[in-house]
Chemist: 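Here it is, the structure, as structure tokens.
We use all heavy atoms of the structure for the numbers below, so side chains are in, but hydrogens, waters and symmetry mates are not. Throughout, protein chains are lettered first and strands after them, A, B, ... in sequence-line order, and every chain is numbered starting at 1.
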There are 2 protein chains.
Amino acid sequence: MRAAEAACRARKLRLTPARAFVLETLLESHQAMTAYEVLDRLAGAGLGSQPPVAYRALDFLVANGLAHRIERLGAFVACTHGGAEHAAAFLVCRRCRRVAETALPRAMRGLIDEAAAGGFAVETVVVEAEGLCDACREAGA
Amino acid sequence: MRAAEAACRARKLRLTPARAFVLETLLESHQAMTAYEVLDRLAGAGLGSQPPVAYRALDFLVANGLAHRIERLGAFVACTHGGAEHAAAFLVCRRCRRVAETALPRAMRGLIDEAAAGGFAVETVVVEAEGLCDACREAGA
DNA sequence: GCAGGATTTGTTATAAAGTAACACATGCCC
DNA sequence: GGGCATGTGTTACTTTATAACAAATCCTGC
Ligand SMILES: [Zn+2]
Ligand SMILES: [Zn+2]
Ligand SMILES: [Zn+2]
Ligand SMILES: [Zn+2]
């Protein structure tokens, strides 16, 4: 959180109350949250009750690398890197929706270069591994 | 298409009229199609007009490796491998929604092994590179 | 301080994507 | 041809996401 605030100051981004609240909410949740779950929290805090409020805050956080959208779940998680420039991969538990962020394998370069050779200009890469986390595996599939 | 029919016979899968129609539709479309676009075609062919009709056919095709869901788009493409067992990565044009299927980099193994070492059992991996295809890049961003 | 532009918020309404549930039909095995 | 699995038709609904536009707020240069 501190890191995020610092990153926003450094980049002259406005971490408004709603945005800060959403980021804190994501940081405290240990699972991916849908926009509507976030919206519930916002409503509870009196910061807005309509979908666009949640989507706007989330869009801001994602655009500035403070949060990530997990495509597989249509849900969001706080970034664990405090917003520094980075490419990430995710381990997504299909049972509890817990998400671990890891470094994007260097080997992905190969894919990008190959694509470029074929005329395709890669801008972003989504890597999401779905499976079962430790706790869920022990608890039974 | 021939390959898909053969694969279904070999695996005792029922490629019913609706399923075959959806697969053909995807094969002929050179872009990813949403479930509702598929549904429109189905309706046009008199094969059903309600969302579950499209989703059931698509679920069948995806479950059996004859089509893939592009998470980034919430849309579907026919597999270019005729259903043989395989892990794929995708190059997704954000402008025209054209999708190219490529082999999943062998290096992804590293990610999977690393996850396993951390107690996470990977079952499937989604790799989608988003960017601009050759044609769209030339036409201007 | 304050005009004027850019950004952010509040709100309504609507679009798009996906699923639950259940009755009915169809194929398949014996 | 009885019984069971699989597939279909349909209704209704949930979840996810955006368009559009007016009001408020912030910044910047004067
Ligand atoms: Zn991150
Ligand atoms: Zn889990
Ligand atoms: Zn494929
Ligand atoms: Zn394109």
Side-chain angles (χ1 to χ4, degrees), chain A residues 8-9 11-23 25-26 29 31-64 66-77 92 94 97 126 128 130, chain B residues 5 8-9 11-23 25-26 29 31-64 66-77 92 94 97 126 128:
Chain A
C8 285
R9 256 192 306 277
R11 282 186 273 164
K12 293 189 181 146
L13 298 174
R14 292 171 55 191
L15 192 58
T16 61
R19 292 168 177 175
F21 178 86
V22 171
L23 180 53
T25 301
L26 288 178
S29 159
Q31 287 150 42
M33 296 180 73
T34 68
Y36 282 77
E37 287 166 348
V38 168
L39 180 56
D40 280 348
R41 307 295 182 88
L42 279 167
L47 286 169
S49 61
Q50 256 39 62
V53 175
Y55 281 102
R56 286 200 281 235
L58 289 166
D59 287 350
F60 169 86
L61 296 173
V62 169
N64 295 109
L66 298 170
H68 300 286
R69 182 194 154 97
I70 306 300
E71 301 292 339
R72 192 63 184 256
L73 299 176
F76 301 83
V77 293
V92 182
R94 66 172 154 79
R97 298 200 309 175
V126 174
E128 298 175 6
E130 189 172 66
Chain B
E5 282 167 4
C8 285
R9 256 193 305 279
R11 285 187 273 163
K12 292 187 182 148
L13 299 173
R14 291 172 56 191
L15 192 60
T16 62
R19 292 169 177 176
F21 178 86
V22 170
L23 180 54
T25 301
L26 289 179
S29 158
Q31 287 151 42
M33 295 180 75
T34 69
Y36 283 76
E37 287 167 347
V38 168
L39 180 57
D40 279 349
R41 307 296 182 87
L42 278 166
L47 286 169
S49 60
Q50 256 40 62
V53 176
Y55 281 103
R56 287 200 281 237
L58 289 167
D59 287 349
F60 170 86
L61 295 173
V62 169
N64 295 108
L66 298 170
H68 299 287
R69 182 195 154 97
I70 307 301
E71 302 291 339
R72 192 64 184 254
L73 300 177
F76 302 82
V77 293
V92 181
R94 67 172 153 80
R97 298 201 310 174
V126 174
E128 297 174 7

Chemist: Distance under 4.0 Å to a non-hydrogen atom of chain A counts as contact; along DNA chain D, which nucleotides mark the start and end?
Modeler: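 Nucleotide range with atoms under 4.0 Å of chain A: D:dT16 to D:dC26.
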
Chemist: Roughly, in whole Å, what's the span from CD in B:Gln50 to P in C:dC22?
Modeler: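 In whole Å, C:dC22 P lies 18 Å from B:Gln50 CD.
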
Chemist: Between the protein and nucleotides 7-9 of chain C, list the N/O to N/O atom pairs that are separated by less than 3.5 angstrom.
Modeler:
residue	atom	partner	partner atom	Å
C:dT8	OP1	A:Arg19	NH1	3.4
C:dT9	OP1	A:Thr16	OG1	2.9

Chemist: Can you sort out which residues in residues 32-44 of chain B have a heavy atom within less than 4.0 Å of DNA chain C? Ascending by number, please.
Modeler: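 B:Thr34, B:Tyr36, in order of number.
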
Chemist: Could you pull out the closest heavy-atom pair between B:Arg69 and B:Val62, with the gap in Å?
Modeler: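 Distance-wise, the nearest heavy atoms are N-CG2, 4.2 Å.
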
Chemist: Within the 4.5 Å heavy-atom criterion, are B:Arg41 and B:Phe21 side-chain neighbours or not?
Modeler: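 Contact flag for B:Arg41/B:Phe21 side chains = yes.
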
Chemist: One thing to verify: whether A:Arg72 and A:Glu130 come together as a salt bridge, which I'm taking to mean a side-chain N less than 4.0 angstrom from a carboxylate O.
Modeler: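 Result for this pair is yes, salt bridge flagged.
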
Chemist: For B:Ala54 and B:Ala35, which heavy atoms make the closest approach, and how far apart are they?
Modeler: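 Looking at all heavy atoms of both residues, the closest pair is CB-O, 3.6 Å.
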
Chemist: If we ignore hydrogens and angles and just use 3.5 Å, is the side chain of A:Ser29 paired with the main-chain N or O of A:Thr25 as donor and acceptor?
Modeler: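 Here the side-chain-to-backbone pair does not exist.
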
Chemist: Which whole-number value in Å describes the distance from B:Lys12 NZ to C:dG27 C1'?
Modeler: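 Rounding to the nearest Å, NZ of B:Lys12 and C1' of C:dG27 are 15 Å apart.
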
Chemist: Evaluate the side-chain proximity of B:Glu71 to A:Val126: yes if any heavy-atom separation is below 4.5 Å, no if none is.
Modeler: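 Contact flag for A:Val126/B:Glu71 side chains = no.
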
Chemist: Over all heavy atoms of both residues, which pair between B:Ala18 and B:Ala57 is shortest? Give the atoms and the distance, please.
Modeler: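 Minimum heavy-atom contact is O-CB, 4.4 Å.
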
Chemist: Quick check: closest heavy atoms across A:Cys8 and A:Leu66, and the distance to 0.1 Å?
Modeler: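 Looks like SG-CD1, 3.9 Å.
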
Chemist: Please name the pair of heavy atoms, one in B:Gly48 and one in B:Leu39, separated by the smallest distance, quoted to 0.1 Å.
Modeler: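 Closest approach of B:Gly48 to B:Leu39: O-CD1, 4.0 Å.
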
Chemist: To check you understand the geometry: which heavy-atom pair defines the closest contact between A:Ala67 and A:Leu26, and what is its length?
Modeler: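 Looking at all heavy atoms of both residues, the closest pair is CB-CD1, 4.0 Å.
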
Chemist: Whole angstrom is fine here: how far is it from OH in A:Tyr55 over to C1' in C:dA16?
Modeler: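 Distance, rounded to whole Å: 11 Å.
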
